[in-house]
> 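Here it is, the structure, as structure tokens.
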Amino acid sequence: MPKLLPRLLILLCISYSASADFYRDAEITWGDGRGKILEGGRALSLSLDNYSGSGFQSKNEYLFGRFDIQLKLVPGNSAGTVTTFFLSSQGAGHDEIDFEFLGNATGEPYTVHTNVYAKGKGDKEQQFRLWFDPSSSYHTYSILWNPQRIIFLVDNIPIRVFNNEEAITGTPFPTSQPMRVYCSLWNADDWATQGGRVKTDWTKAPFVASYRNFNINGCVAGSQCGSGSDSNMKAEGANNNNWRTQGLDANGRNRLRWVQQKYIIYNYCSDSKRFPQGIPAECKRSRF
């Protein structure tokens, strides 16, 4: 038994996976009381009024992982509001992986905005409608990030894949900068809804977004697992670590095609006016 102890301690250090607890895993960082941890740490609410929004972040930084959260968006007239769930590093040349939910007038659908930044370079937007009302109940939004790819998922259905093709196309991919999870609710009525034509109706404030089941299964920065080397990634065989090499199987590719064919409303790869000299190199390769 003593011989097993060092290996057990290594396993505990290199990978992090635990049931949701906002008190343990997150800290409210701004909003002056507009963010509230509820239900003994199982839930968290963010609110926005005409003075301020609010936000929280993960206590740890991670280099690769799967990040899941359940979210119920602002109901009713959410025009001008932006609710977020994203990963980001800090400083110049930062990396970032974005889910942003752009509100709309009552009865009009939300826009799901996704983007990937690597080494400070973004401009890789894809936007979607959802096949349900995201303000009427909780739904799960996930970011899977490993050295091979980034997968955006909604209720475990892949909506977008961004592959690491840096060696082939030269397109930067986030592989070396640890990132925290950030979530926020803020006002962006200068651009968020119909290009800024529809403004926030402050008579409806406060606007509230609700989060729960915040689950992280990833490599804490500074650990052996978080070094990013292939040997370390493959060496750890603990449960719940499928994300390390996960891609899409045939069923996943079919679901991705379904979303991309029916629900995508903007794809930077199709925006010839934006790229008159030709679409970016990564766009010339298969999305699936």
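The figures here come from the full heavy-atom set of this structure, side chains too, leaving out hydrogens, waters and symmetry mates. If you're wondering where the values come from, they're calculated on a predicted model, not measured in any experiment.
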> Are L130 and I151 linked, directly or through intermediate hydrophobic residues, by side-chain heavy-atom contacts shorter than 4.5 Å (ILVMFWY only)?
yes
> With no hydrogens and no angle check, do the side chains of D133 and S135 hold a donor and an acceptor under 3.5 Å apart?
yes
> Write down the atom of T171, the atom of K124, and the distance for their closest heavy-atom approach.
CG2-CE, 3.6 Å
> Whether the N115 and Y268 side chains hold a donor-acceptor pair (N or O, under 3.5 Å, no angle test) is what I'd like checked.
no
> Let me see the working for D271 and Y266 under side chain to side chain contact (heavy atoms under 4.5 Å, CB included), right down to the final yes or no.
CA-CA 8 Å; D271 194 341; Y266 176 80; 2.7 Å; yes
> Parallel, tilted or perpendicular for F56 and F214, by the 30°/60° rule?
perpendicular
> For S142 and D68, which I'm curious about, is there any donor-acceptor pair between the side chains at under 3.5 Å?
yes
> Between R212 and Y138, is NZ or CZ placed under 6.0 angstrom from the six-membered ring centre and within 45° of the ring axis?
yes
> Mark yes or no for whether S47, through its side chain, and R34, through its backbone, hold a donor-acceptor pair below 3.5 Å.
yes
> Under 3.5 Å, side chain of D155 to main-chain N/O of I157, donor-acceptor pair present?
no
> Taking atom CZ of F64 and atom CD1 of I150, what is their separation to the nearest 0.5 Å?
9.5 Å
> Starting from V208, can I reach I69 by hopping between I/L/V/M/F/W/Y residues whose side chains sit under 4.5 Å apart?
no
> For W30 and W186, what are the C-alpha separation, side-chain angles and deciding distance, and is it a ring-ring contact (aromatic ring centres under 6.0 Å, His included)?
CA-CA 11 Å; W30 63 283; W186 51 288; 8.4 Å; no
> Any sub-3.5 Å donor-acceptor pair from N163's side-chain atoms to E165's backbone N or O?
no
> Return the OG1 to CG distance between T193 and N77, rounded to the nearest 0.5 Å.
8.5 Å
> Could you go through F67 and Y62, starting from their C-alpha distance and side-chain angles, then the distance that decides it, and tell me whether this counts as ring-ring contact (aromatic ring centres under 6.0 Å, His included)?
CA-CA 10 Å; F67 309 86; Y62 300 88; 5.7 Å; yes
> Which residue in the set F132, W131, F128 passes ring pair (Phe, Tyr, Trp, His ring centres under 6.0 Å) when paired with Y263?
W131
> Scan side-chain atoms only and decide if Y110 and S78 contain a donor-acceptor pair under the 3.5 Å cut-off.
yes
> F85 vs F99 aromatic rings, parallel, tilted or perpendicular, using cut-offs 30° and 60°?
parallel
> Between R180 and S88, is there a side-chain donor-acceptor contact under 3.5 Å, judged purely by atom types and distance?
no
> According to salt bridge (Lys or Arg N to Asp or Glu O under 4.0 Å), who are the partners of E125, at least two apart in sequence or on a separate chain?
R274
> With the 4.5 Å side-chain cut-off for hydrophobic clustering, are W191 and I265 part of the same group?
no
